[in-house]
Amino acid sequence: MRATNLYAPTLRETPADAEVVSHQLMLRAGMMRKSANGMYNFLPLGWRTIRKIEQIIREEMDAAGGQEVSMPILQPAEYWEESGRWAVYGAEMMRIKDRHGHEYCLGPTHEEMITALVRDEVRSYKQLPLLLYQMQDKFRDERRPRFGLMRSREFIMKDLYSFDKDEEGMNQSYKKMYDAYTKVFTRCGLTFRPVEADNGAIGGAHSHEFTVLAESGESLIAYCTKCDYAASDEKAELLPIPSVEDEIKPLEKAETPNTTTMEDVASFLQVPIEKTIKAVAYETEQGQLVLAFVRGDHEVNEVKVLHQAEGALELRMASEETISAVGGCVGYIGPIGLKEGTLVLVDATVMGMVNAVTGANEAGYHFKNVNPRRDFRNVIVADLRMVREGDACPYCGAPMKMTRGIEAGQVFTLGTKYSAAMHATFLDESGKEKPFVMGCYGIGVGRTMAAAIEQNNDADGIIWPRAIAPFEVVVVVVNAKNEKQLSCAEEIYSELRKTGADVLLDDRKERAGVKFKDCDLIGYPLRITVGPKALEEGIIEVKVRRTGEVFSLEKDNWLTRVQEILKNL
RNA sequence: CGGGACGUAGCGCAGUUUGGUAGCGCACCUCGCUUGGGACGAGGGGGUCGCAGGUUCGAAUCCUGUCGUCCCGACCA
């Protein structure tokens with residue numbers, strides 16, 4: 001490809017509405033343009049990178065036994081009604097009606113579609129395992145699309161679905177995908193971590209997120225400084241923190257006027273905040289009250305609370321009426337003296353506390369010397385708190401650290417959630433009808449591209465990992481009006497092409513500085529400069545974008561040397 | 001959905017307070033000159049000032065509504 005034929009409109013200035021560096025650089029480097037909120041056009045350079053990432057994914061999916069298919073984006077509501085998600089999915093799903101009034105959605109994911117496809121086709125265990133995938137635009141009407149490709153409303157996703165005859169098979173498929181994902185992100189040149197994750201609304205038992213480490217990421221992960229435990233913040237398991245032993249004192253009611261935060265209470269009663277127990281009141285979508293108690297200085301993990309509230313789909317802050325209905329008092333809620341049958345969840349750390357302070361369910365009063373083991377009745381004890389830096393690893397006890405990242409992929413086991421609901425069955429060895437045991441596995445292609453830029457850039461622009469660069473080599477003619485330079489560059493260009501290298505010839509009649517700036521901005525890993533210097537001295541001048549290293553190569557072996565240098569990028 | 005900010009040429013911005021008929025830099029087109037890190041000179045094209053009402057002799061500017069965009073939060077496979 002020649003730059004004179006390439007549509008790559010670079011911008012000298014950063015568009016004002018781009019916040020994160022990947023978004024800014026993709027716009028400036030002429031890789032994409034916004035069409036509307038959360039929707040983007042890919043220009044030739046950007047699309048080349050997208051296709052390279054897709055190809056890497058394709059190769060690894062195929063190597064793991066996957067087969068590529070293509071399903072419609074438009075999905076009939078009936079499938080979603082079978083799975084029960086038509087009602088549950090909410091405003092995030094783009095829904096449309098056809099001229100006859102039939103309802104459809106623009107696929108936010110394809111569990112229903114693929115389950116329907118496979119149930120009509122696969123009858124025997126002999127046809128399993130079956131791993132089908134596609135590359136396709138997905139639609140999610142995000143409340144707040146942002147950060148360019150990191151969170152958009154239409155985005156390209158590789159989604160693979162596994163069908164097995166039993167759990168063991170599913171776990172094998174899961175392992176295959178886990179390994180394939182590791183290969184994909186490694187080949188893309190990314191620094192990432194697979195972390196244990198919550199399955200969320202999609203259901204199932206196990207899940208890992210593949211998190212590309214980046215400060216601009218929206219995900220928070222916790223990882224052990226000693227062993228290899230790593231988990232998303234909402235998933236991270238925590239062991240109860242033992243309390244300091246103390247003589248158990250009798251329960252006492254104390255007047256604590258105008259103290260609605262735990263800090264107020266602790267300073268008023270002159271006890272450390274670690275001696276207090278705070279309440280967070282939620283209610284489910286059906287209006288059922290859920291009270292969660294954690295230590296005063298801890299944060300409640302809503303995902304963990306939701307898991308304890310059986311059958312609930314979502315939580316919101318409880319209304320004052322809901323709280324008073326069970327004998328609670330806003331600002332002074334405590335587990336003691338609530339109406340029988342109230343769902344009271346207590347964090348495991350709280351349960352071990354000694355002589356603590358908690359609300360007395362009466363305005364202006366708290367209990368002192370609360371000893372949960374002695375004083376709490378009918379409570380559910382669970383791990384409810386949110387991880388924070390320095391917490392002990394649940395496996396080896398070493399301190400954990402927190403870091404930010406971009407969730408580029410996620411793998412889930414689904415079990416029979418969809419196959420059972422949609423009656424997708426096969427006959428096993430004994431002729432018995434069984435639901436498929438499924439898994440699903442997604443990679444955000446555009447998000448992977450954005451993550452790569454977040455991780456690889458400097459003040460001059462993008463520094464592409466070679467595997468996903470729009471072109472891996474650029475040959476720059478310093479003065480394209482100089483025939484000698486141009487023909488020398490063309491020769492180098494065609495020699496490189498013969499080796500199968502992915503090369504761009506920058507033959508634009510611009511000043512050298514303009515071309516150099518563009519090359520740095522776009523981020524080609526390797527640049528070959530053809531100018532008077534190189535011509536006179538008879539050398540091939542090569543510059544590495546990432547390190548700035550310059551090589552002066554001899555005419556007789558330059559091609560081999562370029563290939564060597566490329567190999568290490 | 002709550003809070004905040006902003007919509008003026010492809011991009012970045014000034015002009016709005018105090019109403020008088022739109023400007024700067026970059027980019028673009030032509031010519032000249034220049035060619036190893038975003039040159040220079042001359043000439044030129046491009047904007048119903050987001051949209052719709054209203055006030056006024058007159059609105060980018062004041063008023064009302066509306067749409068869009070961005071940030072923070074909530075939310076999120």
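Using a 4.0 Å heavy-atom criterion, one finds that A/F147 contacts the sugar-phosphate atoms exclusively. Within the nucleic acid shown, A/N482 has no heavy atom closer than 4.0 Å to any nucleic acid atom. A/E234 comes within 4.0 angstrom of nothing in the nucleic acid, heavy atoms only.
A/D507 is not listed as a side-chain neighbour of A/Y493, based on a closest heavy-atom distance of 4.5 Å or more. At least one side-chain heavy atom of A/L213 sits less than 4.5 Å from a side-chain heavy atom of A/T403.
If you check B/C13 for Watson-Crick or wobble pairing at under 3.5 angstrom, you find it paired to B/G23.
Distance noted for atom P between B/C63 and B/G23: 25 Å (whole Å). Taking atom C1' in both B/C40 and B/A22, the straight-line distance is 28 Å, to the nearest Å. Here the separation of B/A9 from B/G25, taken at their C1' atoms, is 13 Å to the nearest Å. B/A27 and B/G38 have their P atoms separated by 13 Å, given to the nearest Å. The gap from the C1' atom of B/U64 to that of B/A59 amounts to 15 Å, rounded to the nearest Å. Here, B/G73 and B/U16 have their C1' atoms 31 Å apart, quoted to the whole Å.
Under the 6.0 Å distance and 45° angle rule, A/R95 does not count as a cation-pi partner of A/W80.
By the 4.0 Å N-to-carboxylate-O rule, A/E299 lies too far from A/R385 to be salt-bridged with it. Comment: A/D458 engages A/R545 in a salt bridge, judged by a side-chain N to carboxylate O separation of less than 4.0 angstrom. A salt bridge links A/R85 with A/E111: the closest approach of a Lys/Arg side-chain nitrogen to an acidic carboxylate oxygen falls below 4.0 angstrom.
Screening residues 151-163 of chain A for side chain to side chain donor-acceptor pair (under 3.5 Å) gives A/Q134-A/D159, A/K138-A/D159, A/D141-A/R153, A/E142-A/R151, A/R151-A/E218, A/K158-A/Y181, A/D159-A/Y161, A/S162-A/Y441 as the qualifying pairs, with residues at least two apart or on separate chains.
Residues passing the side-chain hydrogen bond (donor to acceptor under 3.5 Å, both in side chains) test with A/T529 are A/R527, sequence neighbours excluded.
For CD of A/E320, the number of neighbouring non-hydrogen atoms (other residues, nucleotides, ligands) closer than 6.0 Å is 12 at most.
Using a 4.0 Å cut-off on heavy atoms, the residues of residues 525-543 of chain A that approach RNA chain B are A/R527, A/T529, A/G531, A/P532, A/K533, A/A534, A/E541, A/K543, listed by number. Proximity of residues 508-518 of chain A to RNA chain B (heavy atom under 4.0 angstrom from any strand atom) is restricted to A/E510, A/R511, A/A512, A/G513, A/V514, A/F516, A/K517, A/D518.
A/H110 and A/Q136 are linked by a side-chain donor-acceptor pair at a separation below 3.5 angstrom, with hydrogens and angles left out of the test.
At whole-Å resolution of the value, CG in A/D233 and P in B/C75 are 12 Å apart.
Side chain of A/R12, nearest nucleotide from B/U34, B/A27, B/G37: B/A27.
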Expected list for residues 471-490 of chain A: side-chain donor-acceptor pairs under 3.5 angstrom, two or more places apart:
| from | atom 1 | to | atom 2 | distance (Å) |
| --- | --- | --- | --- | --- |
| A/E472 | OE1 | A/R466 | NE | 2.8 |
| A/E472 | OE1 | A/R466 | NH2 | 3.4 |
| A/E472 | OE2 | A/D502 | N | 3.1 |
| A/N479 | OD1 | A/K481 | N | 2.9 |
| A/N482 | OD1 | A/K484 | N | 2.9 |
| A/N482 | OD1 | A/Q485 | N | 3.0 |
| A/Q485 | OE1 | A/N479 | N | 2.7 |
| A/S487 | OG | A/E483 | O | 3.2 |
| A/S487 | OG | A/K484 | O | 3.2 |
| A/E490 | OE1 | A/R2 | NH2 | 3.2 |
| A/E490 | OE2 | A/R2 | NH1 | 3.3 |

Inset, instruction - Produce a footprint string for nucleotides 1-14 of chain B: one letter per nucleotide, 5' end first; B if the base is under 4.0 Å from any protein heavy atom, S if only the sugar-phosphate is, - if neither. - result: ----------BSS-
